[in-house]
Amino acid sequence: MAAALINVPKKAKNGDIIEIKTLMSHIMETGYRHTSSGEVVPRDIITSFSCRFEGDEIFRADLFPATAANPFFSFFTVATKSGKFDFEWIGDNGFSETASASITVE
């Protein structure tokens, strides 16, 4: 089962540059490996990650088979108002996970 870890500051001052960190627990199987009996291990990766703040996309990444297991993202944005960040991971085989975190800007 996938699990997301999100690190967003609880509070910031207006105009502060804040760092947002996310980690998704996922095997990220490339589809290039074979079992001991020679069968291909099916591809199972996260294909995209996005972050929205109050509905506006502020970060997006497309992922490919060379991405390591448990993808970690760290990015920055400017704190201008209080609100909610929504995170979304989409992947193979119907994989979809979401998470959210709020910030108070003073």
Side-chain angles (χ1 to χ4, degrees):
M1 180 173 169
L5 295 175
I6 307 294
N7 186 326
V8 173
K10 299 273 185 216
K11 293 183 180 180
K13 292 181 182 174
N14 190 12
D16 280 357
I17 297 172
I18 60 167
E19 183 176 19
I20 297 171
K21 298 176 186 177
T22 71
L23 176 76
M24 174 54 71
S25 175
H26 193 280
I27 60 170
M28 297 295 282
E29 183 57 60
T30 65
Y32 300 134
R33 289 186 326 115
H34 292 80
T35 65
S36 58
S37 62
E39 296 174 8
V40 174
V41 177
R43 183 178 117 149
D44 184 10
I45 68 168
I46 295 172
T47 55
S48 69
F49 166 74
S50 66
C51 174
R52 295 182 175 275
F53 180 72
E54 292 298 310
D56 295 324
E57 188 173 83
I58 62 168
F59 183 85
R60 169 174 289 282
D62 293 324
L63 290 84
F64 299 92
T67 305
N70 306 319
F72 171 79
F73 291 99
S74 173
F75 55 96
F76 297 86
T77 191
V78 177
T80 57
K81 62 182 180 179
S82 298
K84 185 172 88 168
F85 292 95
D86 292 307
F87 305 91
E88 182 177 37
W89 296 261
I90 304 285
D92 293 337
N93 307 314
F95 178 84
S96 178
E97 288 289 329
T98 60
S100 63
S102 296
I103 188 169
T104 301
V105 176
E106 303 167 338

Report task. Report whether I18 and I58 are members of the same hydrophobic cluster (ILVMFWY, side-chain heavy atoms less than 4.5 Å apart, transitive linking). Result -> yes
Requested in this report: Indicate yes or no: at least one non-hydrogen side-chain atom of T98 is less than 4.5 angstrom from one of D86.
Outcome: no
Query raised in the report: What do you reckon, is CZ of F72 surrounded by more than 12 foreign heavy atoms closer than 6.0 Å?
Result: yes
Query raised in the report: Is there side-chain contact between E19 and N7, with at least one heavy-atom pair below 4.5 Å?
Result: no
Query - Side-chain heavy atoms of E39 within contact of H34, under 4.5 Å - result: no
Requested in this report: Determine whether F49 and M24 make a side-chain contact, defined as any pair of heavy atoms from C-beta on separated by less than 4.5 Å.
Outcome: no
Query raised in the report: How long is the span from the CD1 atom in I6 to the CZ atom in F85, to the nearest 0.5 Å?
Result: 11.0 Å
Query - Path from F73 to V8 over hydrophobic side-chain contacts below 4.5 Å - result: yes
Report task. First locate atom CD1 of I103, then atom CD1 of I20, and finally report the distance between them rounded to the nearest 0.5 Å. Result -> 7.0 Å
Requested in this report: Please tell me if the side chains of E29 and P42 come closer than 4.5 Å, counting only heavy atoms from C-beta onward.
Outcome: no
Query - T30 side chain vs P65 backbone, donor-acceptor pair below 3.5 Å - result: no
Report task. Starting at OG of S100, measure out to CZ of F87 and round the result to the nearest 0.5 Å. Result -> 8.0 Å
Query - Sub-4.5 Å side-chain heavy-atom contact between I45 and T67 - result: no
Query raised in the report: Out of curiosity, R60 CZ to C51 SG, how far, rounded to the nearest 0.5 Å?
Result: 11.0 Å
Query raised in the report: Heavy atoms, side chains only, cut-off 4.5 Å: are T80 and V105 in contact?
Result: no
Report summary line: dist R52:CZ -> E57:CD (nearest 0.5 Å) comes out at 5.0 Å
Query raised in the report: Taking it one step at a time, do H26 and F95 satisfy side-chain contact (heavy atoms from CB on, under 4.5 Å)?
Result: CA-CA 10 Å; H26 193 280; F95 178 84; 3.7 Å; yes
Query - Verify same cluster id: I46, F75 (apolar side-chain graph, 4.5 Å) - result: yes
Query raised in the report: Would a 4.5 Å heavy-atom cut-off, applied to side chains only, mark K81 and E54 as touching?
Result: yes
Report summary line: When every non-hydrogen atom of A79 is compared with those of N14, the smallest separation belongs to O-OD1, 3.3 Å
Query raised in the report: Linking I/L/V/M/F/W/Y whenever any side-chain heavy atoms sit under 4.5 Å apart, do L23 and M28 land together?
Result: no
Query raised in the report: Is I27 linked to L63 within one hydrophobic cluster, defined over Ile, Leu, Val, Met, Phe, Trp and Tyr using a side-chain heavy-atom separation of less than 4.5 Å?
Result: no
Query raised in the report: Roughly how far apart are E106 CD and D16 CG, rounded to 0.5 Å?
Result: 9.5 Å
